Every structure is written in C-alpha cells, then in structure tokens.
Number of protein chains: 2
Amino acid sequence: MWIAELSRRTDVPVPTIKYYLREGLLAPGEAVGATRSRYDESHVRRLRLIRALVESGGLSLARVRSVLAEVDEESRDVHEVLGAAHGALIPDDLTATVESRLRVDELIAEHGWLVFAESTDRILLAGALDALEKVGYHLDDDLLQVYAKAAAEIADAEVAHLPSGDRQSMVEATVLVTALGGPVLLALRRLAQQSASAKRYGSSHLPG
Amino acid sequence: MWIAELSRRTDVPVPTIKYYLREGLLAPGEAVGATRSRYDESHVRRLRLIRALVESGGLSLARVRSVLAEVDEESRDVHEVLGAAHGALIPDDLTATVESRLRVDELIAEHGWLVFAESTDRILLAGALDALEKVGYHLDDDLLQVYAKAAAEIADAEVAHLPSGDRQSMVEATVLVTALGGPVLLALRRLAQQSASAKRYGSSHLPG
DNA sequence: CAATATTGGAGAGTGGTACTCTCCAAAAGT
DNA sequence: ACTTTTGGAGAGTACCACTCTCCAATATTG
C-alpha cells in the first residue's frame, strides 16, 4: 500500500507519518523507484502501537522511541523486555532520599519480589514517596502494604493473561498492558474512591 | 516574609513565583506599600502543593488551576471535592464507544459503587478500554474484575487513611493522595510485574 | 500525449506549555 | 547617598509534536 492508504487505515495524517519516518519511529517502506515506497501490515501495526502509547499511554515520542527499540531488540526474551521497557517507560531524571530507597528495598524484600537490582522503578517509587513527604503527607506503612498487595495481585493477573504467541506479539502485548493498563487502573481507582468517599462522608446527591 | 524568602523556603525561583502570581495559581501577598508584599505560611503551603501536583503528579498548570479552584471552593464538602477534583484532574476531550460505556456501567453496578452519574472517570475508563481494543488487545473480563477488586481495596484504604482535620487540610490530603498515590501505585505495579514475569518466564540474571 | 495527482524528502513554520529574562521606577535597608 | 529588593508587565526562550510548503520525479487518467 502507498502512504495515503496507510494514512487512511490508521487515521494518522500523511505529514505525521512522514514525520515519524524522519524521526525513526517507523521503519521506511520498501522503496519502489525514486519517489514512492510500499508499506505493509507491519507498518499499520506499528503506527497503531505508536498512537496507542502516545494518545492513551501519554508517552512522549522520545519515550516511545526507547520502548520500540526494546520491542525490536530480538536478542531479548520476553522477560528481559519487561525490565528494559519499564526503564524506557519512565523519566530519567530520578532522585530519591536514602530513607525512601531503603523503605522500598525493604518492601520488595518483604514481599519476596524478584526485581532487577538496577530497576529505575525502585528509585521512581522512592521519589514518589519523597514527594508525598515533602508536602507533609506521610504514606502510612499499612496503606503502603495495601498498595503493594493490590499491585502484586494485579501484576500476577496481568502476566497470567498475556497471550502466548511469537515473541513480537508477546512483547507488544506486554508493553501495551503496562502502558495502557495504567490509565485503566487509575480510572477504576478514582471511581472506587468516589464510592468509598460517598459511603464514608455520605452525600445527599448521588443518583448512583 | 518577602518573596525572596518564599522562594528560599519552597525552592521555587522568584520569577516562577511571579509567573504563578500572574497566572492566578497563587494568591497575591498582602500589599505593603506600592512595591512589596508580605507572604505567609499559606503561600508556602500552596506553592508546595502546586509543585507536588506539577512535578510528581504530572499535571499541567491548567489542570492544577482547576484543582485549586475546587480546593478553595468553601461551599463544597470533602466528598463533593473528590468528585469535582477528579473532574479537574483528568483531560477534557473524552470520547468512548457505547459498548465500553455499557461495560463500565455494568462493572460499576456489579460492584455496587456509588459514583457521580456524570463522572468523567466513567468515560475516561471506557476510552482506555477502547484504546486497548483498537490495538487488538481485549481486556479480559476476569482481568478487569481483578483490576476493579484491587481498585476497591486501595480506594477503601486510602479514604480510611485520610487524616481528619479542618476542611482545608482534608481536601488537600484528598487531592494529594489521588494525584500522588497514582505514581506510587503504578511504580509498585511495575515492580510486581517484573517479579511475576521473572517467576513465570524465569530468567538467569536476577540478582534479587 | 497532455493534464492532473501523488510521492519522498527536507526545511521552515506553528501552536502550546512553562517558564525565564529584562526592564523599570518605587521603596527599603545600610 | 548608595546599593538592593520588589512588584509588575512584556518579551524572549526552549522544547515538543506536529503541520505546512516546496520540489522534482513519477503515476494515473482522459
């Protein structure tokens, strides 16, 4: 298919596709003569993945680029991609106090989690705890435990539900679940918060 | 205190404070003469809240402005603020298919959640489910149930842990927990995912 | 065969966000 | 008298994610 059809199939404007090509987010099509290239299903797929990560996952193009690099790194197995993709999914200017880092390490040990030692998620989590402390809100240990337990249940279910198939599909599914499952989970949590708050501080105007 | 001290206390540069004043995110100080104003603890507090929402919560200034407007709306009780703040916390260009909306409504009904009928979270969630469908990944019903159950447990614990105090503190705590608890939860989930994946697809290089 | 449309490629331009800088005269501190 | 700080406002900057413009080289259509 030509670029116009690729655009139609994915609802991505031609100039944007050209931009992604220039930025190396999308592999060039097969050159046919000097002024046209043929694209295929893999381009449709990749373009949809990019848009999903950007629009729904809220990732920057730079982050998408890193994630795609991991997805395409054939030498990595599914599990390794998870760690690498996590690294690519999150910001890179991380700092955290020693206290929070220790708290995170303890939590991980306590739950018997097997985590890449150099995982940036450790520091990200410690930084998030610090941010709460900084505004004078300490996250209680038992609340943190509730979070951790819930996170473990969710993660187990997510990993168990990953479709088995060729490496490429599994890796894509992994990235998608991680990136797009986040918004789903947060939206559900907010709905549940409304409900919990309604039950506790009961309000008159709740048409259910 | 003068603006310089406010800057020192909060680690926010003076020009940025001036910018926030201009943008109406921060109330003006008490004018003392034509060329200086006095700031107090409430400004320190507010500035820290803004930075926490922006830096850790990842909110845009526009979103922060909406949230603060709800925080300052004295006529709203704690529960109402939650709904209103949720509305302010999330984007406003929401769309979702009828199918997903119905699925969300059913889920809410099934769990007996009391949710503002006009809650934007409903549509946000439906849209997130649509996004997954669009890339060919259907979120299984049992996985969605796991999410919902976990979300309910988390939300209950969060609401139960809200410190009781004056309205202002409770509202601020509510906003903070919602906005900053998200990153904490997502980071924990990623750590748990790594662990779940390690246990399932066992890899040789996991130094714990 | 002529007229029209499409393509790849590359550079320039746009719109939005969040600052950051510059300047000023008034006032305060020393 | 002199230096410093302030409020206020406008201009400038940096980054991001496009989006537009232009071109010559094809393809397609009548």
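As the structure is a prediction and not an experimental result, all values here were calculated from the model. Below, read A as the first sequence line, B as the second, and so on, with proteins coming before strands; counting in each chain starts at 1.
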Between [atom2] of [N] and [atom1] of [X], the distance in whole Å:
{"X": "B:Arg65", "N": "C:dG16", "atom1": "CZ", "atom2": "P", "result": "15 Å"}
{"X": "A:Leu21", "N": "C:dG11", "atom1": "CG", "atom2": "P", "result": "15 Å"}
{"X": "B:Glu55", "N": "C:dC19", "atom1": "CD", "atom2": "C1'", "result": "13 Å"}
{"X": "A:Trp2", "N": "C:dG8", "atom1": "CH2", "atom2": "C1'", "result": "12 Å"}
{"X": "A:Ile3", "N": "C:dA10", "atom1": "CD1", "atom2": "C1'", "result": "14 Å"}
{"X": "B:Ile17", "N": "D:dA9", "atom1": "CD1", "atom2": "P", "result": "17 Å"}
{"X": "B:Leu26", "N": "C:dC19", "atom1": "CG", "atom2": "P", "result": "13 Å"}
{"X": "A:Arg8", "N": "C:dT6", "atom1": "CZ", "atom2": "C1'", "result": "12 Å"}

* To do: Just call it for A:Ala4: base, sugar-phosphate, or nothing, with non-hydrogen atoms closer than 4.0 Å on any strand.
  =>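 Sugar-phosphate, no base atom in range.
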* Asked: Any side-chain N or O of B:Thr16 less than 4.0 Å from the OP1 or OP2 oxygen of C:dT20?
  ->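 Yes, because at least one side-chain N or O of B:Thr16 sits under 4.0 Å from OP1 or OP2 of C:dT20.
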* **Selection residues 14-29 of chain A - residue pairs positive for side chain to side chain donor-acceptor pair (under 3.5 Å), sequence neighbours left out** =>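 Residue pairs with at least one partner in residues 14-29 of chain A: A:Tyr20-A:Arg51.
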* What is the per-nucleotide protein-contact pattern of nucleotides 20-25 of chain D, from the 5' end, where B denotes a base atom under 4.0 Å from a protein heavy atom, S denotes such proximity for sugar-phosphate atoms only, and - denotes neither? -> B----B
* Asked: For B:Gln145 and B:His111, does a side-chain donor sit closer than 3.5 Å to a side-chain acceptor?
  ->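 Short answer, yes.
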* Does the side chain of B:His86 come under 3.5 Å of the side chain of A:Gln193 through a donor N or O and an acceptor N or O? ->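 A donor-acceptor contact under 3.5 Å links the two side chains.
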* **Under the side chain to side chain donor-acceptor pair (under 3.5 Å) test, residues paired with B:Asp130 that sit two or more places apart** =>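 Partners of B:Asp130 by the side chain to side chain donor-acceptor pair (under 3.5 Å) criterion, ordered by chain and then number, come out as B:Thr97, B:Ser100.
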* With B:Ser75, which residues qualify under side chain to side chain donor-acceptor pair (under 3.5 Å), at least two apart? ->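 B:Ser75: side chain to side chain donor-acceptor pair (under 3.5 Å) contacts with B:Glu73.
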* To do: Any ring pair (Phe, Tyr, Trp, His ring centres under 6.0 Å) involving residues 149-190 of chain B? Give me the pairs, sequence neighbours left out, ordered by first then second residue.
  =>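 Listed by first then second residue: nothing to list.
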* **Under the ring-ring contact (aromatic ring centres under 6.0 Å, His included) test, residues paired with B:His43 that sit two or more places apart** =>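 Testing B:His43 for ring-ring contact (aromatic ring centres under 6.0 Å, His included), a comparison that skips the adjacent residues, returns B:Tyr39.
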* Tell me, please, which residues at least two apart from A:Tyr147 pass ring-ring contact (aromatic ring centres under 6.0 Å, His included). =>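 Result, ring-ring contact (aromatic ring centres under 6.0 Å, His included) vs A:Tyr147: none returned.
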Strictly under 3.5 Å: I want the nitrogen or oxygen pairs between protein and nucleotides 14-17 of chain D, one per line.
from: D:dA17; atom 1: OP1; to: A:Leu61; atom 2: N; distance (Å): 3.2

* Using the salt bridge (charged side-chain N to carboxylate O under 4.0 Å, His left out) rule, collect all pairs that involve residues 171-181 of chain B, keeping only residues at least two apart or in two chains. =>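 Listed by first then second residue: B:Arg45-B:Glu172.
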